[in-house]
Amino acid sequence: MLRYAYYPGCSMDTTGVTYRISIEYLAKKIGLELMEIPDWNCCGASSAHAKGKWQALALPARNLAIAEKRLPGLDICVPCAACYARLLAATVAIRESAETRSRIEEITGVTVKANANILTLMDVLGTEEGMAACAAAATRKLTGLKVACYYGCLTSRPQAITGIENIESPELMEKIVSLSGVECVDWDFKTECCGGSHQVDAPTAARPLVERIFRNAKSNGAQAIVTACPMCHLNLDMREEEINRKMGTAYDIPVYQFTQLLAVAMGASAKEVGLQKHFYPAFKRLDRTLRKAGTLQ
Amino acid sequence: MSDIQSALRERARELLEDGKVEYVIGWESARGEDKTRPAFIRKAEDAGRLVWNRFCVNSTAKYLLHDRWPKGKIAVCARGCDTRAINRMLSDGQIKRENVYILGIPCEGVENKICQRCAHRNPLVYDELLGESVEEKTDFDRFANVREMQEMTLEQRRKMWEDEFTKCIRCYACRNVCPACSCRECYADQYRTGWQGKQFNSVENRVYGLTRAYHVGDRCIECGECERVCPMDLPIMLQTGKMLMQCNELFGDYECGLSADEIPALGTYNLNDADSFG
Amino acid sequence: MPVNKKWMPKILAFCCNWCTYTGADLAGLNRMKYPADVRVLRVPCSSRVNPQFVLRAFQKGCDGVMVCGCHPGDCHYTSGNYYTRRRFMVLKEMLEFNGIEPERFQTRWISGSEAAKFRDTVAEVSELVTKLGPNTVFNERRAENV
Amino acid sequence: MSRTGVFVCHCGSNIAGALDVERVAAAAGKLPGVRYAASYKYMCSEQGQQLVKDAIAEHELDRIVIASCSPRMHENTFRKLLKDTPVNPYMLEIANIREQCAWVHADREQATEKAVDLVRMAVAKVAKNKPLHSSFIPVHKKALVIGAGIAGIQAALDIADAGYEVTLLEKESSIGGHMVMLDKTFPTLDCSACISTPKMSEVAAHPNITLMTGSTVESVGGYVGNFDVAIRQKARYVNHDICTGCGLCETKCPAKVTSEFNQALCTRTAVFRPFPQAVPAKPVIDPESCRKLIGKAKCGVCQAVCPLGAIDFEDKDKLITDTYGAIVVATGYELVDWAPLYPEYGGGKYSDVITGLQYERLVNASGPTEGKILRPSDKSVPKDVVIVKCVGSRDKKKGRAYCSRACCMYSAKHAHQILEKIPGARVTVFYMDVRTPGKNYEEFYDRAREDGARYVRGRVAKIFRENGKLICRGEDTLLGRGVEVPADMVILETAMTPAQDIRELCAKLTISTDEYGWVQEAHPKLRPVETQTAGVYLAGACQGPKDIPDTVAQAGAAAAKVCILFSKNEIEGSPMISAVDENKCCGCSACVRVCPYRAVMLEEIDSRELSGAVKRQVARVNAGLCQGCGACAASCRTGAIDLLGFTNAQILKEVDALCL
Amino acid sequence: MAQLQFDNSAVLAEKIAADAGVTLSDCYQCGKCSAGCPMSASMDIQPRQAVRLLQLGMADELIRSRMIWLCASCHMCVDRCPNDVDLPALIENARYQAQRIKLCAVPEVGKFNDIFMENVKNFGKSQEVILEGAYNLLSGNLLQDMGSVPHMLRHGIIGPEIRAVREREHVRRMLTEAEREDEGC
């Protein structure tokens, strides 16, 4: 049964809005039940573990505690890479050391067993059941659109905690998004970092990280980049124009969430997946692909 | 019981008359009604002394070891457990099958507490069967006593064995009656090599007890003779029972004396044996 | 032994010449340090160790006994330690059944290149046996046993 | 009563520095049966040994205990010493108070106490020792060399030149191993073919050498001097007695398969010779790729076209058994499969990221590109080349922790060759250290730098393709700044690993390997070409990463060891074998079952028992087969069979002595 | 450049290494971490040099560096390190030690993190608008990313409403408790 506890994360309501509405569309289509954790709090992202070890563990621990009490027995689906990294780090820390667990329970004042597994949305859709449901619903094919699947660093690193086999070039997102008929190019920056955590407080240092992703995607023939995290998506989408302007590059690569492409393949309209909300215009490329493939809505 | 006894006497007489066997090992009644003792009948006319009743508790098989190179065949009245003892001695290469003429006696159990845990009442090997085979007993846990002992704590077991072995007087009766103890010169008698001292203390007794259990453990046919003959009533079967239980758990189900060419568990190995060592 | 000295256990380790004894020598070559309460008795193969030697060691006052050999499969004599494995998997249970603390008897597989493992094993067993204290169960030196 | 002499060695300060040797000697003096106890600075020295001889004479000693270093070091030294004294060499015990006492215990008091215990144990044991005399084993003067790379070839030639028969096995279809794949060899840059092909033809022509290619060892029995070995020779499907090696069949064969010899840079046919100068210079058919043999198609064109009818599709594997006196393991190395370990270097998807051996085939005149360095993707001449060292080596997490020793030198060679053959080429070498530990090695490295190779200290983190170039991202740790070097071709100098099926072979030879699979030598410094099993020697990279000079030196050493063995008609077997006391033996065959060498059998003997003469079965030990493991002694309940040198009585006394 | 003074803050170096569970001698300075680090170009000292400073007991120089604040903790370095040295953990602990003596060589990062945590302490969730606004004010670059505000407003990406956790008191109490715990170690 496709039934999971759901931890959306703070950016889902704001900068991750296109991710949220495409996930909701998708969930309805394939009967994926995402039970939001009631009264969840912020996972702390990169700031908490910069301030202190116990602050970084306390915030996700509270969410785990609520999920265990209110949604027992369900694994937790975490669409945002930063939240996934924080919840997973807390789960592993609590499982590995009883002493950490007791101190965390002291600090948060709630019991935390951390027995639920933490999954990314890709893990959920990548299951046999998930793939079958998506394949059945994705009737409209986006053939001809060459995309570069970008995982970002937090969904796959550190390998010691995520346990991903090939952390340099995983294949999970390719497997899922190709259900929508797109063609995935082979490129080299799948799990390289986009500098998301420093785009605001250290822009000059962080911008080149975004540029090099566009550069490698373009030189390997990608017409669009697909992400699976609100932070990566915002970062690439919002900075593309600025990079073209400031660094004299001419990238014309829209950035889509992999759920947006799946939703469109399942018949969603541009508005239903919020294409108009993108910083870098994303409608034209998709519209032309659909028209060429003769499957326009 | 009595028709077996008459068949036994009649066959013994015929065998002795035809000279097919040199003598017959069986039981005869001893002083008082409820006692028997082993009988060695050489002349046909004495065959009448042979008896078969529920007091025939002595094992007849080990006497074969006292005459390893007989001139002629030796007839032996053998119950289920005796035939397992014969198989034991055959597997250990101590007697030759052609020297033994086995008179198989199906046994419903005699006055011996081991019979409640006997799974082979019918003789496993025989030249003649002196009665219909009886129904085998299966409703018992072969290692009940060992498991019960294992429930006790380490301290309780230590105390129990210390008390038991303080009683041991080292008369070596358990060794002399055991079909698996077939050495020409027992290690305990080799004082020059220095295996076993002559001191008479609980630890020396425990060393003997454990060593003998280890020597026969993986070949014990569970005939219970050691416990029956022990003048101080030591629970010796617990030790060999524990050995057999271990062999069962570690090397797959294991019972001895079922055939004439068995390989003892500790005399062989297989590549994926249990290994809890670091 | 002077009274105020901390009680040190007496531990006998039967070590097979080709693997564990070589590993122990290698530990020496690398100047590794481990507790001094283990005495090594060299045997050509762990399959040379007769379980009666182990009983003898406990009887004469050892507080701990170890039988160490090559990893199954690496035996210099091909099948030696397969027998060691069976003999002492059974003896280990018999000793416990007879009330001897199981930690006093250890069998370990230590190869010729595992010097660190030899040091750590000796340290571990020495600590285990020190915690258990003197062997009073099966030791004819202890007065009350006579 | 025994008259024992105890000699405690100072071993310079090794022992004396860590424990009180005088107190040990004094304590030993008081032990029962000890007639003389002394300590000396170096017992194994000339004077030390003389001290023993004098003490034996003066005090009429009949047995000796030496408290010194490990018996594995000097037991033989002291045994040889006793040979020319009235004391039998086996009336000797050694207490290991150095490796297992002085060197490993910091507390001087505890170390001294332990040393006293160890000496007491040795004295108790030696009291029960008996004089032993060795038996003699015949020696078959025929050697088996496994693996025909340069190590195997050199060993076989040396043994054969010494006049002994040699069988040289090679699992591939031609001898030559990895050396024959190379173009030039360092440090002298002489051409690899020029120095190895003559040796290969010498092997083929040598009267004493039987060459068996496509052959592997099936099973090994017996012991030193008398190894009975079963060899499996794979079916060749070509009758080499008739075939002249004209090569017509190779030109006609339709099958196309990647050539293993050319490191998958080009293809070969199903009937093939791996390379032109192959020895034997006759093709074989590879059953996995021959269409007829797989049953895919009728084909058989090679058979049709062969003028001499040498092709025989019915050929079967042959099993040949023979007896050998000595075995030399020379199975060499293989390069680690780097692709799955290093996805950050492209994981094998970039055809222009190649291994050192692939480069050697490119630059080799008989290689797929006739010596012109052309990059595999588009066969163009690469201008910018990056060489990345330590790929798989010195990497505890992904590869192997050890250093593969030869890559520093051959990467300098590669740099030199590229700069010499491609004018205007730019070579960057990413390194951590450049290790040049041989004669003229450092000078060779200087030349590479003089040729213009740019050495950048830092390990490459990522190789990715961008705008047609392979970008190597590293850090110049000497400047402390990141660098991205664009390259047309990248050469990865990958780690050496042992040959693939080395563990099965070692199991058959009862020799052990280390955790990586390198064959374990008897002693890294003192016996580098011997193994634990007497009569089995080793040479070359099978023992550990090595370059050609060391390999050839080891091959010569191994051959010398074999010749020492063969110089005697029989060898002195160790007297420390089992013996049976027939009075105690009841013939229960417990010992027969546990003997790994089938050295104990039941035999019928005449015996007097109570009623007169009878025949009974007792155990008998074959002195030649028994290796002295003692499994039988431990299995015998009555102690009838016992291992001389480690008898029950000795060990019991040793155990008692510990607990006094 | 002044002469090197080894071990001028060796105790601090050992503490950072111990807290991070790292054996400093594992690192043989091969530079693979710096090579792969996406932020290395804008760092004053390279990640490898950070470990070098700790090896030489010069932790003081490390906690004053900009590098520990520019690290994006993307874990590229530990995943590729041939000796499994957990460099992100070292840097994280260096940041904790720097904060204990109020040091932050890249003040913008410090300010951003403080505002973020204040947000979470007050509302239990991060509020994008307040975070961006307050950061621009405090960091002085008032117009940063202001260009995209109209677009975000028009598409409702950002708006006036505050999304807060009902039991945000529990979150506040929890965070102050955790802060005290962090001060302690």
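Below, chain A is the first sequence line, B the second, and so on; all start at residue 1.
Between the C:S47 side chain and the C:Y83 main chain, no donor and acceptor come within less than 3.5 Å of each other.
B:A265 touches chain C through backbone and side chain together, each having a heavy atom under 4.5 Å away. For a residue to count as touching a neighbouring chain, one of its non-hydrogen atoms must lie under 4.5 Å from one of that chain's; by this rule C:L91 touches chain B with backbone and side chain alike. B:N270 touches chain C through backbone and side chain together, each having a heavy atom under 4.5 Å away. Contacts of C:R85 with chain B are made by both backbone and side-chain atoms, with heavy-atom separations under 4.5 Å. With a 4.5 Å cut-off on non-hydrogen atoms, C:E101 touches chain B through its backbone and its side chain both. When heavy atoms are compared at a cutoff of 4.5 Å, C:F88 approaches chain B by way of both its backbone and its side chain.
In the model, B:D275 has a side-chain atom that pairs as donor or acceptor with a side-chain atom of C:W109 under 3.5 Å. Checked by atom type, the side-chain pair B:E136/B:N122 shows a donor-acceptor distance below 3.5 Å. Using modelled atom types and a 3.5 Å distance limit, the side chains of B:Q196 and B:Y208 yield no donor-acceptor pair. C:S46 and C:N81 are not linked by any side-chain donor-acceptor pair at a separation below 3.5 angstrom, with hydrogens and angles left out of the test. Looking at B:T153 and B:Q156, their side chains do bring a donor and an acceptor atom within 3.5 Å of each other. Inspection of the C:S126 and C:D37 side chains reveals an N or O donor paired with an N or O acceptor under 3.5 Å.
In terms of heavy-atom pairs under 4.5 angstrom with chain C, the leader among B:C247, B:G194, B:G209 is B:G194. Contact tally against chain B (heavy-atom pairs below 4.5 Å) for C:V90, C:N98, C:L55: the top residue is C:N98. Your options are B:M152, B:M245, B:Q239, B:M160, and the one with the most heavy-atom pairs under 4.5 Å with chain C is B:Q239. Of the listed residues (B:L210, B:L238, B:V146), the one with the most heavy-atom contacts under 4.5 Å to chain C is B:L210. Comparing B:L266, B:T268, B:L250 by heavy-atom pairs within less than 4.5 Å of chain C, the highest count is held by B:T268. With respect to chain C, the highest number of heavy-atom pairs below 4.5 Å among B:K159, B:Q246, B:H215, B:K242 belongs to B:K242.
Here C:E103 pairs with nothing under the salt bridge (Lys or Arg N to Asp or Glu O under 4.0 Å) rule; sequence neighbours left out.
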